[in-house]
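A short worksheet on the structure shown next.
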Amino acid sequence: TNNFSDINQLAEGFVFSNYNSLRKGSRTLENATARQHSLRYFKYNMFNFENIFANATYSKRLDAVKTNAVFDGVNQSSTPYNSNFADETLSGMGSYGRSFLKNYKASTSVSLSWNKYNNIQNLQLTTSKSILQNYTVKASTNFKNMPNIELGYNYVINENNNNGRITKIFTQKPFARLDYYFLKSFSFVSEYEYYNYFNSDKTIQNNYQFLSASLIYQKTKDSKWEYKISGTNLLNTTSLNDDSFNQNIVRTSQYRVQPRYVIFSLKYNL
């Protein structure tokens with residue numbers, strides 16, 4: 001496939017793209033070429049609801065339109081150019097799930113991605129690599145007249161290597177969900193997540209959790225009226241963490257979240 005530049009990247013005038021970022025285009029930009037190869041596999045068994053899915057994708061970008069970034073403290077000026085060095089991405093994922101003992105089911109999934117980027121920063125060539133690993137395992141019940149519960153565990157490793165400087169962020173997240181339909185008219189749903197967020201240098205360490213719940217009353221399935229009371233962030237967690245890597249910077253942030261609140265709602269179906 002061919003990728004062509006946006007008109008804004010061709011305009012040679014200076015533009016403030018942010019309060020601390022100045023951008024200038026280039027009329028010499030050419031189109032970039034991307035090559036992609038993918039392989040997929042899928043299997044499904046109707047008798048035990050076994051399902052297997054896997055895929056792998058490799059892509060390579062040639063003459064990619066990159067940004068020549070010059071940093072001066074928090075200020076940045078940039079100009080686009082066609083890179084002579086290829087960017088590569090390799091990703092894959094696989095999942096397996098099935099039912100057993102009639103009322104139970106379990107699944108596991110793995111996803112991996114590897115990226116390599118070449119950029120120019122402060123007039124020097126820099127190479128950055130990132131590896132994202134995501135592992136999940138969970139099990140749940142499937143009863144008609146009893147509470148159903150789902151238990152799981154998610155583990156994420158986000159690693160970045162920028163010219164030999166390695167940054168690793170880890171997230172451990174056990175989670176649970178409860179569904180219960182009772183007395184032919186009531187439905188109760190609750191979800192819980194616990195986060196253990198830290199980096200390899202132990203300079204960042206944060207634990208937080210989220211709990212939500214809702215109770216719904218609908219006299220019959222055909223009833224037009226529905227009453228619901230729901231609570232979000234019942235444990236009153238104040239903040240959460242987020243991290244991301246791009247071709248130029250590593251970002252780790254902490255966000256304040258909305259405090260605990262409870263809502264009563266009434267719905268009428270026309």
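Keep in mind the model is a prediction, meaning the values are calculated, not measured.
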Are any of the side-chain nitrogens in K60 or E88 under 4.0 Å away from the carboxylate oxygens of its partner? no
Looking at F85, I want to see if its CZ is surrounded by more than 12 non-hydrogen atoms of other residues, nucleotides or ligands under 6.0 Å. no
Atom pairs and distances, donor-acceptor, side-chain atoms in residues 25-32, under 3.5 Å, two or more places apart:
residue, atom, partner, partner atom, Å
S26, OG, T28, N, 3.4
S26, OG, T28, OG1, 2.9
N31, ND2, N2, OD1, 3.2

Sort and list the pairs that fulfil side chain to side chain donor-acceptor pair (under 3.5 Å) and have at least one residue in residues 211-228, not counting sequence neighbours. none
Close side-chain approach of I157 and F170, heavy atoms under 4.5 Å: yes
Should Y135 and L112 count as side-chain neighbours, where that means a heavy-atom distance under 4.5 Å? yes
Quick one: CG on D72 to OG on S77, what's the gap to the nearest 0.5 Å? 8.5 Å
Determine the sole option in K173, Q205, Q209 for which the side-chain hydrogen bond (donor to acceptor under 3.5 Å, both in side chains) test with N196 is passed. Q205
Heavy atoms, side chains only, cut-off 4.5 Å: are E191 and F210 in contact? no
Can you check whether T136's main-chain N or O pairs, donor with acceptor, with T108's side chain at less than 3.5 Å? yes
Given N148 and T141, is the side-chain hydrogen bond (donor to acceptor under 3.5 Å, both in side chains) satisfied, shown in steps? CA-CA 5 Å; N148 286 300; T141 60; 3.1 Å; yes
Would N82 and V65 satisfy side chain to side chain contact (heavy atoms under 4.5 Å, CB included), going step by step from the backbone distance to the final call? CA-CA 5 Å; N82 287 103; V65 176; 3.9 Å; yes
Suppose we call two aromatic rings close when their centres sit under 6.0 Å apart. Are F188 and Y180 close by that rule? no
pair Y195-N206: side-chain heavy atoms closer than 4.5 Å: no
Close side-chain approach of K138 and F175, heavy atoms under 4.5 Å: yes
Without placing hydrogens or testing angles, list every side-chain donor-acceptor pair under 3.5 Å for residues 34-48, not counting sequence neighbours.
residue, atom, partner, partner atom, Å
N45, OD1, F47, N, 2.9
N48, OD1, E50, N, 3.0

Check: N68 side chain, T79 main-chain N or O, donor-acceptor pair, under 3.5 Å: no
Would you kindly say whether Y155 and Q133 are connected by a side-chain donor-acceptor distance under 3.5 Å? no
Between S239 and Y208, the two heavy atoms sitting closest are O-CG, 3.8 Å
Over 12 foreign heavy atoms within 6.0 Å of CZ, F14: no
Using the side chain to side chain contact (heavy atoms under 4.5 Å, CB included) rule, take Q172 and Y153 through it: C-alpha gap first, then chi angles, then the decisive distance, then the call. CA-CA 8 Å; Q172 299 172 335; Y153 180 79; 3.5 Å; yes
Side-chain heavy atoms of R61 within contact of N3, under 4.5 Å: yes
Assigning hydrophobic clusters by single linkage (Ile, Leu, Val, Met, Phe, Trp, Tyr; side-chain heavy-atom cutoff under 4.5 Å), is F186 placed with L178? yes
Measure from the side-chain N and O atoms of N20 to the backbone N and O of Q76, and report whether any donor-acceptor pair falls under 3.5 Å. no
What distance do S190 atom OG and L211 atom CG have between them, rounded to the nearest 0.5 Å? 4.5 Å
Answer yes or no: is there a side-chain heavy-atom contact under 4.5 Å between N119 and T67? no
Do L132 and V156 have side chains that get closer than 4.5 Å, going by heavy atoms? yes
Checking the side chain of N118 only, and the main-chain atoms of D87 only, is there a donor and an acceptor separated by less than 3.5 Å? no
Before giving the answer on side chain to side chain contact (heavy atoms under 4.5 Å, CB included), spell out for Y192 and L235 the whole-Å C-alpha distance, their side-chain angles and the decisive distance to 0.1 Å. CA-CA 10 Å; Y192 173 78; L235 301 176; 3.9 Å; yes
Indicate if Y261 and F264 have the same hydrophobic cluster label, given that clusters are the connected sets of ILVMFWY residues with side-chain heavy-atom separations under 4.5 angstrom. no
